[in-house]
Engineer: 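One structure follows; several queries about it will come next.
A note on names: the letters A, B, ... follow the listed sequences, proteins ahead of strands, and every chain is numbered from 1.
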Amino acid sequence: MATIELFNTLGGKIESLAPVGTPALRMYCCGPTVYDYGHIGNFRTFLHVDVLRRVIRQHGIPVEHVMNITDVDDKIIRNAAAAGVPIAQYTEKFERAFFEDLDALGIQRPEHISHATACIPDMVSLIQQLAAKDIAYQAEDGSWYFRIARFPEYGKLSKKDFDGIEDGARVDIDEYEKDAARDFALWKAVKPGEQSWDTALGTGRPGWHIECSAMATKFLGDDIDLHAGGEDLMFPHHENEIAQSESASGKPFARHWMHVRFLLVEGKKMSKSEGNFYTLRDLLLKGYRASAIRFLLISVPYRHQMNFTFKALADATNAVDRLRTFYQRMTILADLLKGGFDDSETATDPNILGIVEKAREDYTAALNNDLNTAEASAAIFELVRAGNAVADAGTLRPGVAVEILKVLDLFDGVFAVLEDRDAAITRAALAWAEAEGRIDEAAPELVATLAFSDADIDALVAERTQAKKTRNFARADAIRNDLLAKGILIEDSKDGVRWKRK
RNA sequence: GCACCGAUGGCGAAGUGGCUAACGCGCUGGUCUGCAAAACCAGUAUUCAUGGGUUCAAAUCCCAUUCGGUGCUCCA
């Protein structure tokens with residue numbers, strides 16, 4: 001099979017991605033700091049890493065993927081103190097929410113998930129290795145710093161040349177003891193009232209960057225295949241990881257670096273002050289579907305800045321619906337064969353098999369080409385149109401529908417939007433909002449629609465079908481319009497009546 | 001301020017030197033339907049921010065300008 005070509009920030013060009021030294025591809029992705037609910041920008045990154053791991057697995061390559069949970073840092077300490085609870089209690093809630101959100105968005109769990117606070121000994125040991133080489137040094141207050149002067153390659157990932165850059169315009173009030181302004185904290189000495197650990201380095205807590213170096217090494221070794229994260233992490237976070245890891249091991253830390261670009265929201269940087277800051281839960285309560293959010297965030301390739309808009313989100317909902325409708329149509333056709341139906345005599349379009357094959361090839365080639373999800377979905381929509389047209393003409397053999405379904409399954413192995421879990425996810429979000437006292441943020445129509453059970457809807461749909469049989473169209477249309485007003489759409493088809501929630 | 005990235009139809013968005021500028025959504029007309037919906041067909045940018053240049057050939061390369069974004073500081 002063709003190789004996966006992926007842009008490598010280190011080197012600045014597209015390179016083949018493949019495991020070296022082990023059968024599995026060993027990758028590390030910087031995880032969340034669990035001090036609040038995840039926002040759509042966070043999830044854009046996690047979604048594209050999910051796309052990557054799914055593509056790798058479709059190539060038959062196993063993945064060994066590590067993600068950290070940062071459960072101690074300045075913001076957590078500050079917020080937990082403000083809430084008057086221990087940090088573990090504070091982070092537990094947001095960590096649980098984070099995993100619920102991953103599930104809602106269909107993001108696969110990494111093979112290894114570890115907490116920063118569970119890896120303190122690993123971090124201490126790493127810092128000790130650096131200290132033995134005099135690369136880590138302790139300041140007078142007891143904090144430990146990384147001596148950047150001892151790592152000449154510093155800046156190679158973010159392409160920064162620190163020679164000649166002025167070195168000390170800013171001096172943080174509690175970092176005045178550093179030897180050089182760029183030196184970064186490995187271990188922060190304890191401050192009154194803060195959570196701390198008693199270690200060989202003294203009493204304190206880890207700096208931010210060290211956990212990723214320690215965890216990646218702990219689970220994957222000191223020369224991993226891929227390291228991924230948001231573009232903002234490139235500097236200083238990833239640069240510092242490289243400095244720590246490579247200084248300790250003497251080996252290149254990660255061969256391949258992947259960075260996902262930020263998104264804009266309604267054309268502007270997402271920020272609380274702009275009023276365009278959205279968590280996944282905010283969107284679910286507004287009535288948008290998890291599947292549409294996934295599809296939209298994935299559909300723009302990861303290296304492009306994408307503009308997230310509510311219009312685009314509504315459009316994505318329709319696009320996903322079209323894919324699902326087509327999938328159902330093909331499934332119904334393919335299922336004819338299960339009943340022992342012999343389709344060898346069925347009229348058949350002479351070109352459709354070639355179109356199916358082309359869709360498969362275009363789809364695969366697009367993803368292999370630096371994860372071009374836009375072109376990949378275009379290939380699938382070409383198949384949708386062709387398949388529908390042939391089916392409309394009555395020349396789609398069930399055996400061909402089986403082949404089409406294979407391509408759709410390949411597609412869904414990465415895009416993961418065809419299975420409809422949306423109503424359940426939205427119900428869970430409403431239950432959460434209720435528990436948090438935020439139910440007033442939910443769109444009223446959403447509450448109304450979900451208040452209707454499937455059985456309620458089925459009963460009304462049956463009544464309408466009965467009315468139609470007696471040609472009582474006034475009554476039938478009244479039911480249809482009433483349901484539509486509540487967000488439920490009825491579709492009559494040759495195979496019976498379908499309905500769906502809008 | 002310095003550095004880097006981007007600007008493609010009504011909206012979102014591919015395409016980075018050469019076939020009629022993908023794809024999705026929307027809109028208009030048609031087919032189908034009791035009417036709709038779904039689905040299909042046709043139409044919907046002679047043109048790729050603006051101005052110059054290179055080339056037989058440019059949305060794609062170069063220069064300038066305008067606008068948006070990012071990094072230099074916590075951030076996915």
Engineer: Judged by atom type as modelled, is there a donor-acceptor pair below 3.5 Å linking the side chain of A/Thr317 to the main-chain atoms of A/Leu313?
Structural biologist: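 Looks like yes, one N/O pair under 3.5 Å.
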Engineer: Taking B/rC74 as the reference, what is the distance to B/rC67 when you measure between their P atoms (whole Å, please)?
Structural biologist: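 The same atom, P, in both gives a distance of 30 Å.
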Engineer: From the options B/rG24, B/rA76, B/rG69, select the nucleotide whose nearest atom is closest to the side chain of A/Met270.
Structural biologist: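 When the side chain of A/Met270 is considered, B/rA76 is the closest of B/rG24, B/rA76, B/rG69.
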Engineer: Just call it for A/Leu484: base, sugar-phosphate, or nothing, with non-hydrogen atoms closer than 4.0 Å on any strand.
Structural biologist: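 A/Leu484: no heavy atom of the nucleic acid under 4.0 Å.
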Engineer: How would you label the contact of A/Phe473 with the nucleic acid (heavy atoms, under 4.0 Å): base, sugar-phosphate, or nothing?
Structural biologist: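 Answer is base: heavy atoms of A/Phe473 come under 4.0 Å of a base.
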Engineer: Go through the N and O atoms of the side chain of A/Arg480 and the base of B/rA36, and report whether any donor-acceptor pair is under 3.5 Å.
Structural biologist: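 By the distance-only test, yes, there is a pair.
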Engineer: Find the distance A/Glu231:CD to B/rG6:C1' and express it as a whole number of Å.
Structural biologist: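 The answer, rounded to whole Å, is 12 Å.
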Engineer: Tell me if the centroids of the rings in A/Phe310 and A/Tyr278 come within less than 6.0 Å of each other.
Structural biologist: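 Yes: the rings meet the under 6.0 Å criterion.
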Engineer: Which of these nucleotides, B/rA37, B/rA76, B/rG34, is closest to any side-chain atom of A/Arg464?
Structural biologist: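 When the side chain of A/Arg464 is considered, B/rG34 is the closest of B/rA37, B/rA76, B/rG34.
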Engineer: Taking the ring centre of each residue, are A/Tyr35 and A/Phe94 less than 6.0 Å apart?
Structural biologist: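 That pair fails the under 6.0 Å test.
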Engineer: Take atom CD of A/Glu274 and atom P of B/rC75, then tell me their distance rounded to the nearest Å.
Structural biologist: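 Distance, rounded to whole Å: 21 Å.
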Engineer: Looking only at atom C1', what distance separates B/rG24 and B/rA14, rounded to whole Å?
Structural biologist: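 B/rG24 and B/rA14 have their C1' atoms separated by 11 Å.
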Engineer: Using a strict threshold of under 4.0 Å (side-chain N to carboxylate O), is an ion pair present between A/Arg289 and A/Asp321?
Structural biologist: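 Looking at A/Arg289 together with A/Asp321, the answer is yes, because their closest N to O distance falls below 4.0 Å.
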Engineer: Using OP1 and OP2 only, check whether a side-chain N or O of A/Lys159 sits under 4.0 Å from B/rC4.
Structural biologist: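 Checking B/rC4 against A/Lys159, no side-chain N or O comes under 4.0 Å of OP1 or OP2.
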Engineer: Taking atom C1' of B/rC35 as reference, at what distance in whole Å does atom CG of A/Asn472 sit?
Structural biologist: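 Result: 14 Å.
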Engineer: Say we look at B/rG15 and B/rA7: how far apart would their P atoms be, to the nearest angstrom?
Structural biologist: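 Here B/rG15 and B/rA7 have their P atoms 10 Å from each other.
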Engineer: Classify the ring geometry of A/Trp257 against A/His238: parallel below 30°, tilted from 30° to 60°, perpendicular beyond 60°.
Structural biologist: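 Geometry flag for A/His238 against A/Trp257: tilted rings.
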Engineer: Any N or O donor-acceptor pair under 3.5 Å from the base of B/rG26 to the side chain of A/Asn318?
Structural biologist: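 In this structure, the two groups form no donor-acceptor pair.
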Engineer: Which value, in whole Å, describes the distance between the C1' atoms of nucleotides B/rU46 and B/rC41?
Structural biologist: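 24 Å, rounded to whole Å.
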Engineer: Between C1' on B/rC74 and CG on A/Asn42, what's the gap in Å once rounded to a whole number?
Structural biologist: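 One finds 13 Å between C1' of B/rC74 and CG of A/Asn42, rounded.
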Engineer: Could you walk me through whether A/Asp71 and A/Thr117 pass the side-chain hydrogen bond (donor to acceptor under 3.5 Å, both in side chains) test, one step at a time?
Structural biologist: CA-CA 7 Å; A/Asp71 56 353; A/Thr117 55; 2.7 Å; yes
Engineer: Where do A/Phe381 and A/Tyr363 land on the ring-ring contact (aromatic ring centres under 6.0 Å, His included) test, with the steps shown first?
Structural biologist: CA-CA 10 Å; A/Phe381 277 106; A/Tyr363 166 80; over 10 Å; no
Engineer: Expressed in whole Å, how much space separates the C1' atoms belonging to B/rC48 and B/rA22?
Structural biologist: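 The same atom, C1', in both gives a distance of 14 Å.
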Engineer: Between A/Glu239 and A/Arg182, does any side-chain N to carboxylate O distance fall below 4.0 Å?
Structural biologist: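 No, no charged N to carboxylate O under 4.0 Å.
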Engineer: Hey, does A/Asp492 reach any base, or is it just sugar-phosphate, or nothing, if we go heavy atoms under 4.0 Å?
Structural biologist: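 Answer is base: heavy atoms of A/Asp492 come under 4.0 Å of a base.
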Engineer: How would nucleotides 7-16 of chain B be written as a contact map, 5' to 3', with B for base contact, S for sugar-phosphate-only contact and - for no contact, using protein heavy atoms under 4.0 Å?
Structural biologist: ---BBSSSS-
Engineer: Can you tell me which nucleotide in B/rG34, B/rG69, B/rA76 comes closest to the side chain of A/Arg261?
Structural biologist: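 Given the options B/rG34, B/rG69, B/rA76, the side chain of A/Arg261 is closest to B/rG69.
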Engineer: In whole Å, measure the gap between the P atoms of B/rG9 and B/rU55 for me.
Structural biologist: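 It works out to 30 Å between them.
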Engineer: Partners of A/Asp343 by salt bridge (charged side-chain N to carboxylate O under 4.0 Å, His left out), sequence neighbours excluded?
Structural biologist: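 A/Asp343 satisfies salt bridge (charged side-chain N to carboxylate O under 4.0 Å, His left out) with A/Arg397 once adjacent residues are dropped.
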Engineer: Just the rounded figure in Å: distance from C1' of B/rA76 to CG of A/Leu264.
Structural biologist: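 Spelled out: CG on A/Leu264 to C1' on B/rA76 is 14 Å.
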Engineer: Could you say whether A/Arg498 or A/Arg303 is positioned toward the 5' end of RNA chain B, judged by the nucleotide with the nearest heavy atom to each?
Structural biologist: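 Upstream on the strand: A/Arg303.
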Engineer: Of all the base pairs, Watson-Crick or G-U under 3.5 Å, which form stems of three or more consecutive pairs involving RNA chain B?
Structural biologist: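 If one scans RNA chain B for consecutive Watson-Crick or G-U pairs, the stems found are B:1-7 with B:66-72, B:10-12 with B:23-25, B:26-31 with B:39-44, B:49-53 with B:61-65.
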Engineer: Please give the distance between the C1' atoms of B/rA45 and B/rA3 as a whole number of Å.
Structural biologist: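 One C1' to the other, the span is 35 Å.
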Engineer: Check the distance between B/rA38's C1' and A/Gln328's CD and give it to me in whole angstrom.
Structural biologist: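 About 11 Å, once rounded to whole Å.
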Engineer: Within the structure shown, what part of the strands sits under 4.0 Å from A/Leu233 by heavy-atom distance: base, sugar-phosphate, or nothing?
Structural biologist: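 Sugar-phosphate only.
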Engineer: Residues in salt bridge (charged side-chain N to carboxylate O under 4.0 Å, His left out) with A/Glu95, at least two apart?
Structural biologist: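 A/Glu95 satisfies salt bridge (charged side-chain N to carboxylate O under 4.0 Å, His left out) with no other residue.
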Engineer: Considering only heavy atoms from C-beta outward, does the side chain of A/Phe415 approach that of A/Leu323 to under 4.5 Å?
Structural biologist: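 Contact flag for A/Phe415/A/Leu323 side chains = no.
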Engineer: Using the P atoms only, state how far B/rU47 lies from B/rA42, rounded to an integer number of Å.
Structural biologist: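 Each nucleotide's P atom is 24 Å from the other's.
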Engineer: Polar atom pairs between nucleotides 40-45 of chain B and protein, under 3.5 Å, N or O only, would you list them?
Structural biologist:
unit_1	atom_1	unit_2	atom_2	d
B/rC40	OP1	A/Arg322	NH2	3.0
B/rC40	OP1	A/Asn388	ND2	3.4
B/rC40	O4'	A/Asp392	OD2	2.9

Engineer: Do the side chains of A/Lys486 and A/Ile457 get nearer than 4.5 Å, heavy atoms only?
Structural biologist: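 The answer is no, as the side chains (C-beta and beyond) never meet within the 4.5 Å cut-off.
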Engineer: Base, sugar-phosphate alone, or nothing: which one does A/Thr325 contact when heavy atoms must sit under 4.0 Å apart?
Structural biologist: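 The residue A/Thr325 makes sugar-phosphate contact but no base contact.
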Engineer: Could A/Asp422 and A/Arg324 be called an ion pair, given the rule that one side-chain N must be under 4.0 Å from one carboxylate O?
Structural biologist: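 Yes.
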Engineer: Quick one: A/Tyr302 OH to B/rC5 P, roughly how many Å, whole number?
Structural biologist: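 After rounding, the gap between these two atoms is 16 Å.
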Engineer: Can you list everything that forms a side-chain contact (heavy atoms from CB on, under 4.5 Å) with A/Ile14? Sequence neighbours excluded, please.
Structural biologist: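 Per chain and number, A/Ile14 pairs via side-chain contact (heavy atoms from CB on, under 4.5 Å) with A/Glu5, A/Phe7, A/Arg303, A/Asp370.
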Engineer: Quickly work out the A/Asp321 CG to B/rC25 P distance and round it to whole Å.
Structural biologist: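 After rounding, the gap between these two atoms is 10 Å.
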